[in-house]
Amino acid sequence: MMLRTFSNLCAQSQACFRSARAKSTLSAVIDETGKSGLILKSVSTDIFENLALEDWIHDHVDLQNRSMLFLWSNAPAVVIGRHQNPWQECNLQVMRQKGIPLARRRSGGGTVFHDLGNVNLTFFTSKKNYDRHRNLQVVTSALKGLRPDMDVRATERFDILLNGQHKISGTAAKLGRTAAYHHCTLLCSADRALLSAVLKPTCQGIKSNATQSVPSPVKNLLDEDPTLDCDTIMDSVASQYNTEFGFSSPVTLVDPSDELSLPGIQRMARELLAWEWTFGRTPKFSICTTFELKNDTSICNATLNMDIKNGIIESCDIEVPSDWLPVELSREFSLHLIGGKLCPYQTSVIAAELLRTIPQNKELERKMYNLCRRVVFMM
Amino acid sequence: MLSHSRCVTRNVSRFIAVISQGNNVLARQAVSGLSASRSVTVNNPAKCGARSSVFQIRYFRTSSACRNEVITVKTPAFAESVTEGDVRWEKAVGDSVKEDEVVCEIETDKTSVQVPSPAAGVIEELLVPDGEKVEGGQALFKLRKGAVAAQAAEAPAAVAAPPPPAAATPPASAVGPIPTTMPPVPPVPGAAISATPVSAIKPTDAPAAFADGRGIPARTEHRVKMNRMRLRIAQRLKEAQNTCAMLTTFNEVDMSNISEMRKAYKDTFLKKHNIKLGFMSAFVKASAYALMDQPSVNGVIDDTTKEVVYRDYVDISVAVATPKGLVVPVIRGVEGMNFADIEKTINELGEKARKNELAVEDMDGGTFTISNGGVFGSMFGTPIINPPQSAILGMHGIFDRPVAIGGKVEIRPMMYVALTYDHRLIDGREAVTFLRKIKAVVEDPRVLLLDL
């Protein structure tokens, strides 16, 4: 009680400080309302902005005596768990082709495909009130409220299954120092073809101790019942949340790009966008694979062995039969990749430079070109 | 400012909580969820229940004598009957940590739990390898408490894990947009075409400028190893310089006509083609035209077979400076393209370069290079040939200058252009004619129509 009074006082004095500003920050506003339960909905469909907002709420809002529900959905994106390996979990080439971004969230768990037909729900509580089963009950009750005879059940692993076989929701969570959040997805009307196309490994032969996803057959709620669209479901979950926890909160819209009410959020979004976070945070792993090289006249098998730490190639050995390509060339290529990022762009630049140094021999150049392209393709 | 005051609020409110709760806090056990029962096994016999109790003890023990003491930090108990999780280290041995800074995260069953450091200090030893399983209560890492003395360790650490200069870039900075207007593709100034413009090699970890705290700059130096790619390019440039008989011829171009054409048609062009009309397309087209006219400039000497290779196609490499270094995407088959096609291709390549999506096939090859130092304000300069080609055109800045026209002095927007060429293959006459042709086309594009 004393805590709340203090923070209210602070909010007031802060309001005095910033009399020039039109509104105070979101946390100040929340504190001022004095409510113990709030429901927020994001107006943005940008995965990075929304993830940054989750982090912002976790870091800045006082959750000791209140809980919050955050509803959001994103334009197509792939989201991997905190300790996962993107090369193992999703097909980066297909994603690049289709302009689907990759994001790494801060909670653990597996890889999910997001699009506008996929609803995300984040339950913010203090560590004391962290209860995933109860949160999932809100979701299943909400769905049952809409369709009483629908068979939706939460499992031991915190998935929600439809008809006992298809997964419609997966869960992940993060426990911080004083607060926690539990977020889950809900498949309403996602593009399942795209989902299967992107949730495949980028290349074969990856050996890693990163957290691996457990693939499951999925289904959209919309397939089960054409009247269940995202908005209906979000509204139902929101009102069930109020019922379950005894709150009376309306759904408040929030804009995750508003730096004034969410100071520091743009920096957080930028951190999530950076290569060093998305790819560089991958636990150490190695790639060991063979691939085919061919040109008009011949074909051969080459092998590639790489060790990668923090997304940087620490060691690289590309072996090509010496009758197909001179050993010095493949060795040079291997040596030049060391110390660089496992990034197709950077490798392309290196490859282009190397190709320029090859003596004017069309066939050799062609073969080297094929090798370079094939290696880039694995990234 | 806000976050600072919020911090203050938190600390102060904790203090108040401490005072108001008095002795009851230890009796209150955390119920569910992850109780922060990191049993710090030194000077703290009571099992810490709630998080605030650790702080309570901390505040009251300000004069504790544990300097340089090594403590073992244990894995916190897990929630909801989970027995084990995987450790993911955030910090390494020798890293200094502040109190409460996250040392590692433990992943249990889709949940990521942060394990903060109970005190400020240096990580002495990690007792579990990364990715291995740990159980609640298991010893996790050793921390040497006390002030951090690892400043000296940081400088070599910065060097030891060097982002190669070619790739050294602040992670959050977005690639600057490649201006597609005048001039649309900004490459390196007409100096050495290497993987990174020298200016981009910023010291990755500049040592503290005022190390002795007296306001006098420190006179230290630090060394960064050249990365392999840089060494190779350096070698190649020197080889080129040693084999080619390289020299440069200059000319100047009156940009008034082309500016006028651009002004007159830019809106229509934008409407029809959806991209801006720049100057680059004029120079690219002019070069292609001149190259078809002077085939030796488009050719190259094959040193191994002692042959001259003449090419019937024109692929123009355009040097582009990105924050990550120099890249040279290629516009293929320019001889068959018109201004609009060229602008489109430049635009596409510029977008790809900006988004770091250039592929090997975009950058491979090229028979002639154009480099634009004008973007950076260069007035005059000698570009260096981009091996294995025979010539390079350097464009410079457009400045208003007084020139003599028809016996009178007029102010015209003028640009100096430079052609560096390999004299083993290209004669002086050919080089000068080539450059004059470019000048003629850019000064009056009708020359192209009439094939003059």
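Predicted model only: the values in this text are computed from it and were never measured. The chains referred to below are lettered A, B, ... by the order of the sequence lines, with proteins before strands, and numbering in each begins at 1.
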Over 12 foreign heavy atoms within 6.0 Å of CZ, A:Arg134: yes

Presence of salt bridge, A:Glu353 and B:Arg232, under 4.0 angstrom: no

Chain B contact via A:Val376 - which portion, at a heavy-atom distance below 4.5 Å: side chain

Those residues that, when tested against A:Arg366, pass side-chain contact (heavy atoms from CB on, under 4.5 Å) (two or more places apart): A:Tyr369

A:Arg106 side, atom CZ; B:Glu105 side, atom CD - distance, nearest 0.5 Å: 9.0 Å

Residue B:Lys91 excluded, over 12 heavy atoms near NZ under 6.0 Å: yes

Distance, nearest 0.5 Å, that separates OH of A:Tyr345 from NZ of B:Lys352: 11.5 Å

Heavy-atom pair with the smallest gap, counting every atom of A:Ala351 and B:Val360: CB-CG2, 4.1 Å

Where B:Asp364 and A:Glu365 come nearest, the two heavy atoms and their spacing: OD1-OE2, 4.0 Å

With sequence neighbours excluded, residues passing ring-ring contact (aromatic ring centres under 6.0 Å, His included) with A:His336: none

Pick from A:Thr211, A:Ile312, A:Thr171 with the largest number of heavy-atom pairs that fall under 4.5 Å of chain B: A:Thr211

Presence of salt bridge, A:Arg177 and B:Glu99, under 4.0 angstrom: no

Heavy-atom closest pair, residues B:Pro387 and A:Arg356: O-CD, 2.9 Å

pair A:Thr357-B:Gln235: side-chain heavy atoms closer than 4.5 Å: no

Spacing of CD1 belonging to B:Ile233 relative to CD1 belonging to A:Ile350, to within rounding of 0.5 Å: 9.0 Å

Close side-chain approach of A:Asn209 and B:Asp86, heavy atoms under 4.5 Å: no

Smallest separation among heavy atoms of B:Ser112 and A:Gly108, with atom names: CB-N, 3.4 Å

Lys/Arg N to Asp/Glu carboxylate O, A:Arg373 vs B:Glu361, below 4.0 Å: yes

Expected output: side-chain B:Glu107 to main-chain A:Gly109 donor-acceptor under 3.5 Å: yes

